[in-house]
Amino acid sequence: MLPNETGLDGWLRYAALPDEFVSLRPRYSTIIPLADNQNSPIFTAARELQLGLSKILGQNISLETKLLGSAANSSIIVGTVKTFLSTNQDIHGALSLKEDGYCLVCKDGRAAEIIGQNDRGALYGAFEFLRLLSQNQPLPEMRISNPSAPIRWVNQWDNLDGSIERGYAGPSIFFAGGYVLDDLARVQQYARLLASVGLNGLIVNNVNSNYNLLNPTNMQGLARIADIMRPWGVRIGISLYFDTPKDLGGLQTSDPLDRDVIAWWEGITSELYRHVPDMLGYLIKANSEGQPGPLTYGRTLADGANLFARALRPHGDGVVVYRAFVYNHHLDESDWKNDRANAAVEYFDGLDTQFEDNVIVQIKYGPIDFQIREPPSPLLAHLRKTPIILELQVTQEYLGQQDHVVYLPPLWKTIFNFDLLVDGQQSLVRDIVSGQRFNWSRSGYAAVVNVGNDPSWLGSHLAMANLYAYGLCTWDPQQSEVDIIQGWAQLTFGLNKTVVDTITNISMASWSTYEDYSGNLGIQTLCDIVTHCHYGPSPAAQDGNGWGQWTRADAHSIGMDRTTATGTGNAGQYPQMVADRFECIDTTPDELLLWFHHVPYTHRLKSGKTVIQHFYDAHYAGALVAQTFPQQWETLRGLIDDDRFHHIAFRLQYQAGHALVWRDSINNFYYAKCGVKDEHNRVGNHAWRIEAEDMILQGYKVVSVTPFEAASGGKAIATIPGAGVGTATCTVAFPSGTYNVAINYYDHLGGRSQYQVFFNGRQIGAWAGDLQEKLSHDFSDRIDGHSATRITFNGVEVKEGDSLKITGRPDGNELAPIDYVSFLPQGVVD
Ligand code: GCU
């Protein structure tokens, strides 16, 4: 049996290679770091090589700090171009390296030279060397590798109180109770993971920042974080709260042109640099979602950004990263010209030449907010002088929150490879981001990351593939997403082909599967955006509020008209050739149809299907694929350690159930809305279901569910408050046979109900409403699409006429709610 693993080392487990492979590898004699400073990433690289070689190959190799004449025959030397040159080594190949790049030279397969363009590059080269060994790949005679862009950062979502904005994996590893944590051991381990995939910067705190970050105690804390990350080549920056001068500094205003405000920020910035001399700079979220900003004081966004840019200038290469996520969240939906997707271009147009040269604009990949499918933000085509950072997310906020597997690189690729055709010339988003298209020297990538204290970091082992892939994609956005997931699976779970193939299959199918059952044709992720959860289905929640994530669904038609001719004009924000394509229904790809056009449900797609039939079919197809995930995973039993096997099996099983909740909610909602029948007559017809409200109830009562589509038939049952245990009974009218018995119920915050299920008095199963302790997404506190879930008891022998009884013991506010029971013959999904 394989020893259990917690996931703490992520993809850096350095599992021992099988003996037959080890025997083919050279024996290294020494590891020689060419560096004087023990805190240098070069030393970190040397220690990491030492650790990796001992674990992967079983070689215990000493570190030598001096390069002796004969050492080179079987030693691994790690250093920078500069330190190699100072030892008179021939490093011809490495002379053309770009910032952070490395050159890996493996001579006769016996010795190795790892030459970084800088300290970080040396560390990245060492990690690549260890990755190749772990994957049992041949070592290259010479490999030169350069990152696509200089900025490859993560943005933490951590709050000072220790919570994480949308953290699904326990409390912060950085903060608790208003301060930086004393014990930063996890920060060290995190820095190692980031460095291993070439990530070189981290913004420590949530963009929804708190002025107390800048109190003296926290400044010292930031210094400790920076000290811990520095040996891993990860520099830190911070998110600022715009009104800090008023709220912490006691000034009358935070007006960016006010002299006292300017002086205050200069003082704070100097103080910060005393603590963190290599600080990256500031990330600013302002005039967004209720936050104050320069517009609050009648100034421009450029005035706001330049305030910080000037304060940073005396202190080296610090930059202000100003987020383009500026929009009005009280938008009037009754005006068909209003469009949140227009906001970024409207706010930033005309400012391109107004920013100081150490300002970078950070743009989310799509115009709205990390939806399942978006076109690239049009702002990516508007800034020529001001460099940009492309903001991605590892957090899966609208993408199943790490309890549904969604491997993100296939989505990211739709953005990276999109040709914006600026000025009629090829302008791939990845070339704009790299700086190549507009000759920027500092631009790149940021991803919002929500690692927490959970040993698995993200609350789900499979979700870690996205963090790994993010690093690799920023290094080379053209790398194949299949190669990335295969490599990750090998490092995380071992070299067994079945394991690697299964993880690859599930992962590669995961994004399109989630799109199929969550929101099609560019309508966005149809989750509940109102109750804060952004998780379960609630299509009506998109409309009727000021957030601007509208679908404009009525009884006849659906979609945002973003054309210039009749709609919001958003299509016209793209360069002409792209604008022309999106302006016209015929040239808009089906997958973005409803993003750009408002059409009848009966509109025919290029595929030949109507919009509504596509919705129905896609939801059935996606939910069906999700049912295969746990089955595929089951083939890995015994091939990976039990703990991680069960952790993932549980989540995939949960996902399969919740995919059905999604399928039925969305289909029932649109069927009720437009009345157009499913050609295959599936929607609303469930041959194998018994509705709980049709059972004989004792201590239970029928409740109407809001939104109605979150319950089969719009109704569920819940125990009567104060009545104690409830029972629901019925006689089974299905033919005798073997069934998988699935029970859909609701598991929300506020209690831990207990359930039991009996046939003819014989108990066949029991469970508790305790998902909030086992899963990590945002939970709601009521019966809805977030809490709807399913448990299945497989292979139950049932006779026609048997009596079925379910008992529910309520707990706290959770009244043991049940939606329906399905009797599923083998192979049937309902
Ligand atoms: C989304 C998200 C917020 C987050 C915001 C941002 O709106 O729901 O939690 O703060 O994006 O990126 O600023």
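Values below: every heavy atom of this structure, side chains too, minus hydrogens, waters and symmetry copies. Predicted model, so just to flag it, every value in this text is computed and none were measured. Just follow the structure's listing: the first ligand is 1, and inside any ligand the first atom is 1.
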Side chains of Tyr514 and Gln396: do they bring a donor and an acceptor to under 3.5 Å?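 No pair is found: no donor N or O on one side chain lies under 3.5 Å from an acceptor on the other.
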
Whether the Tyr297 and Asp243 side chains hold a donor-acceptor pair (N or O, under 3.5 Å, no angle test) is what I'd like checked.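 Side chains of Tyr297 and Asp243: pair found under 3.5 Å.
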
Do NZ/NE/NH1/NH2 and the carboxylate oxygens of Arg384 and Asp352 come within less than 4.0 Å?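 Answer for the salt bridge query: no.
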
Should the pair Glu391-Arg323 be classified as a salt bridge under the 4.0 Å nitrogen-to-oxygen rule?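 Yes, Glu391 and Arg323 are salt-bridged.
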
Which of these, Leu184, Asp454, Ile164, Val187, sits in a side-chain contact (heavy atoms from CB on, under 4.5 Å) with Ile173?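 Only match with Ile173 under side-chain contact (heavy atoms from CB on, under 4.5 Å): Val187.
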
Every pair of nitrogen or oxygen atoms between ligand 1 and the protein that is under 3.5 angstrom apart - can you list them with their distances to 0.1 Å?
| from | atom 1 | to | atom 2 | distance (Å) |
| --- | --- | --- | --- | --- |
| ligand 1 | 7 (O) | Glu289 | OE2 | 2.7 |
| ligand 1 | 7 (O) | Asp369 | OD2 | 3.0 |
| ligand 1 | 8 (O) | Arg166 | NE | 3.2 |
| ligand 1 | 8 (O) | Arg166 | NH2 | 3.1 |
| ligand 1 | 8 (O) | Glu397 | OE2 | 2.6 |
| ligand 1 | 9 (O) | Glu165 | OE2 | 2.4 |
| ligand 1 | 9 (O) | Arg166 | NE | 3.3 |
| ligand 1 | 10 (O) | Glu165 | OE2 | 3.3 |
| ligand 1 | 10 (O) | Asn208 | ND2 | 2.9 |
| ligand 1 | 10 (O) | Lys285 | NZ | 3.3 |
| ligand 1 | 11 (O) | Lys364 | NZ | 3.0 |
| ligand 1 | 12 (O) | Arg323 | NH2 | 2.6 |
| ligand 1 | 12 (O) | Lys364 | NZ | 2.7 |
| ligand 1 | 13 (O) | Lys285 | NZ | 2.7 |
| ligand 1 | 13 (O) | Arg323 | NH1 | 2.8 |
| ligand 1 | 13 (O) | Arg323 | NH2 | 3.4 |

Show me the pairs that pass ring pair (Phe, Tyr, Trp, His ring centres under 6.0 Å) and involve residues 527-553, at least two apart or across chains.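 Ring pair (Phe, Tyr, Trp, His ring centres under 6.0 Å) check on residues 527-553 returns His329-Trp547, Tyr398-His534, His404-Tyr535, Tyr535-His658, Tyr535-His777.
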
